[in-house]
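The next block holds one structure in the form of structure tokens; read it before the comments.
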Amino acid sequence: MEGILRGKIHAAGPLTFPDYLMDHLYHPELGYYANAVRKIGRGGDFFTSVSVGPLFGELLARRFLRHFRESGSPSRWRLIECGAHDGSLAADVLRALRRLDATAFSRLEYVIAEPLAALKRAQQDRLAEFSEIVAFPDSLADAARAPLPGAAFGNELLDALPFHVVERRDGRWLECRVGIGSGDELAWQTAEIDDPRLAAELEKIGGDFPDGYRTELRTCYGDFLAPLASALDQGLMIWPDYGFARADYYHPDRRAGTLRTFLDHRAGEDPFVSPGGCDVTAHVDFTAVAEAAIALGARVLEFERQGAWLTSLAREWLMAQEGRPDAAALRQFQTLTHPAHLGGAFQVIELSWRPGTVADAETAARRLWG
Ligand SMILES: C[S@@+](CC[C@H](N)C(=O)[O-])C[C@H]1O[C@@H](n2cnc3c(N)ncnc32)[C@H](O)[C@@H]1O
């Protein structure tokens, strides 16, 4: 991997960080995620809400069923999962849907949007029992030609999308690119901002930051959401992830940004230590996600901490636990919702393309735009 990156830098000069990440994380053979089937969970590099157990998928399934019913229980509907990893979350969602509502289950098309061949194979193995319902298209073009009611979602997907790194110097922003250092190592190199989309995002965060302030920005949210929105008719989107509203993310005190590497459950900050060998991520600016969705015709339904969001989804499930508690599932619920665990670290944004009034929209807007 390092040879490929060096070759590109020698040929065309320093790489933007999104270009670096496209190889580091998503090179079809050597990228971190291309051979990462076992990298999530106890034996891997990090945990997610999915690796906590099947309850997360069951609660998501309950949210999707509400949307199915609010859409008039259509004769066909579609769920699109992105970043489905080894298919665990899909299996949890599908089992819960089958148990909770056989009619909705029989009308469902479950689409997995997966760019990486190795992950697609793992998903096909894991989901063999659902082979009549689950589709693995190479692109969403066919789905966009025949949009259906339904929802698109992905757990910890947005934080895995490539991002730019920028630094404040002498009262202006510079882009941090990847070049070759004096010791022949991969190293940061600053460059003038020449990408109009990056410049436009920087306008939104302003310039009131101390010298040396370093942070990250994504310009790709709209490009990522657009094909998903086109594949749904008045669809819903749900994106649980770690991140902040813009004002909290780009706070002058957060001087070193949120870029992190993960390997063997240890966090680091140097993305050049092991090209292709570790996860590299940055938090999500949920205000930017909301604005990208609004530009595509959506409204924000909710922006909430995962703990509160899951707790409100779990009402019926919690009632069913009274008198007949499932101790293992209750432990999962605690881990997913407790403010000191995933419930406080993660946020959930719900976006809707369906017209109508929205009960929690004002609260969400206050949290996103202040
Ligand atoms: C942190 S993992 C999350 C895996 C899983 N959802 C979970 O919660 O355990 C992020 C996943 O997003 C996938 N991904 C990144 N960009 C994507 C895209 N444009 N479309 C679909 N999947 C993508 C990566 O391949 C990776 O599998």
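In listed order, ligands and their atoms are each counted from 1. Everything numeric here is computed off the predicted structure, so don't read it as measured data. For the single chain, residues carry numbers from 1 onward in sequence order.
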Would you mind listing every salt bridge (Lys or Arg N to Asp or Glu O under 4.0 Å) that reaches into residues 216-243, with sequence neighbours excluded? Arg197-Asp223
Quick one: look at [X] and ligand 1, take heavy-atom pairs under 4.0 Å, and tell me if it's side chain, backbone, both or neither.
{"X": "Ser88", "answer": "neither"}
{"X": "Leu119", "answer": "side chain"}
{"X": "Thr281", "answer": "neither"}
{"X": "Val50", "answer": "side chain"}

For [atom], which candidate among [options] provides the closest heavy atom?
{"atom": "atom 5 (C) of ligand 1", "options": "Ala118, Ala34, Gly83", "result": "Gly83"}
{"atom": "atom 1 (C) of ligand 1", "options": "Tyr33, Phe153, Phe262", "result": "Tyr33"}
{"atom": "atom 3 (C) of ligand 1", "options": "Val52, Asn155, Thr48", "result": "Asn155"}

Please could you name the atoms of ligand 1 that [X] approaches to less than 4.0 Å, counting only its heavy atoms?
{"X": "His85", "result": "4 (C), 5 (C)"}
{"X": "Leu161", "result": "16 (N)"}
{"X": "Leu157", "result": "12 (O), 13 (C), 14 (N), 15 (C), 17 (C), 22 (N), 23 (C)"}
{"X": "Ala160", "result": "10 (C)"}

State whether a side-chain donor-acceptor pair under 3.5 Å links Ser274 with Tyr32. no
Distance alone, cut at 3.5 Å: any donor-acceptor contact between the side chains of Gln334 and His341? no
Can you measure from CD (Glu302) to CD (Gln347) and round to the nearest 0.5 angstrom? 12.0 Å
Close aromatic pair by centroid cut-off 6.0 Å: Phe209 and Trp173: yes
Can we call the ring centroids of Tyr221 and Trp239 under 6.0 Å apart? no
Do Leu351 and Ile294 have side chains that get closer than 4.5 Å, going by heavy atoms? no
If we only consider heavy atoms of Gly154, is any one of them less than 4.0 Å away from an atom in ligand 1? no
Please give me the minimum heavy-atom distance between Arg255 and Asp211, naming the atom from each residue. NH2-O, 3.2 Å
